[in-house]
Amino acid sequence: PYRILSRLVERASELPFGDYVADRFAPALGLASLRMCEPGAPDHARGYLSDKASFRPEAAYSIRGLLGEGGLCATAADLARLPVALVGSGWLTGTSLGRMTAPTMLN
């Protein structure tokens, strides 16, 4: 669903999703560091997986082209402020945020 939503944002705004995030969405939330991730950027943190004796880079961090489903990066401080900013700015209701962040329940 998030990929579809990001495509709708592109259509409605007539901007690439990354440009919309950087130029409109992040400034409206007051989250200056929020942007599309740039795999391999030297100043970005990278995730690792443990395989008992060592750590190896998480392959998902090198995927290009993620949109609304996980391609956003920000500082830890801005990520911590994101839920409050989304609800406080009116982009989301508290109920919507709860649904987005709730664990998936399988039958």
Side-chain angles (χ1 to χ4, degrees):
Y2 294 111
R3 179 170 287 256
I4 293 169
L5 289 172
S6 62
R7 293 291 185 201
L8 290 172
V9 166
E10 289 182 330
R11 288 254 174 126
S13 68
E14 298 181 350
L15 292 171
F17 186 68
D19 291 350
Y20 180 82
V21 169
D23 298 343
R24 297 190 184 166
F25 186 63
L29 296 176
L31 305 174
S33 72
L34 187 66
R35 66 202 177 286
M36 294 299 296
C37 297
E38 298 172 30
D43 61 339
H44 292 190
R46 291 164 183 77
Y48 292 85
L49 297 173
S50 171
D51 60 8
K52 297 184 184 174
S54 64
F55 291 95
R56 58 184 166 78
E58 166 58 68
Y61 286 87
S62 64
I63 298 172
R64 294 191 181 273
L66 291 177
L67 295 172
E69 74 274 19
L72 298 179
C73 290
T75 62
D78 276 355
L79 287 176
R81 287 191 290 267
L82 180 60
V84 173
L86 286 169
V87 174
S89 65
W91 284 85
L92 290 177
T93 65
T95 301
S96 293
L97 181 63
R99 286 183 176 170
M100 288 172 60
T101 58
T104 300
M105 302 301 288
L106 301 175
N107 292 336

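Scope of the values below: all heavy atoms of this structure, side chains included, with no hydrogens, waters or symmetry mates. Note that the structure is predicted; figures quoted are calculated from it, not measured. Index from 1, following the sequence.
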Provide the closest heavy-atom pair for [X] versus [Y] in the form atom of the first, atom of the second, distance.
X: Ser89; Y: Leu29; result: OG-CD2, 3.2 Å
X: Pro27; Y: Val21; result: CD-O, 3.9 Å
X: Ser96; Y: Leu92; result: CB-CD2, 4.1 Å
X: Leu31; Y: Ala85; result: CD1-CB, 4.3 Å
X: Leu34; Y: Ala26; result: O-CB, 3.6 Å

- Start with the C-alpha distance between Glu10 and Leu15, add both sets of side-chain angles, then the distance that settles side chain to side chain contact (heavy atoms under 4.5 Å, CB included), and finish with yes or no. CA-CA 5 Å; Glu10 289 182 330; Leu15 292 171; over 6 Å; no
- Message: Working to the nearest 0.5 angstrom, can you tell me the gap between Leu82 CG and Ser33 OG?
- Response: 9.5 Å
- Mind checking whether Leu72 and Met36 have side chains closer than 4.5 Å, heavy atoms only? yes
- Ring geometry between Phe25 and Tyr20 (parallel below 30°, tilted from 30 to 60°, perpendicular above 60°): parallel
- Counting N and O atoms only, with roles assigned by atom type, does the side chain of Ser6 sit under 3.5 Å from a partner on the main chain of Phe17, one being a donor and the other an acceptor? no
- Message: Looking at Leu79, is its backbone amide N or carbonyl O close enough to the side chain of Arg81 to form a donor-acceptor pair, meaning the two atoms are under 3.5 Å apart?
- Response: no
- Query: Is there a path from Val84 to Leu97 through hydrophobic residues (I, L, V, M, F, W, Y) whose side chains come within less than 4.5 Å of each other?
  - Reply: no
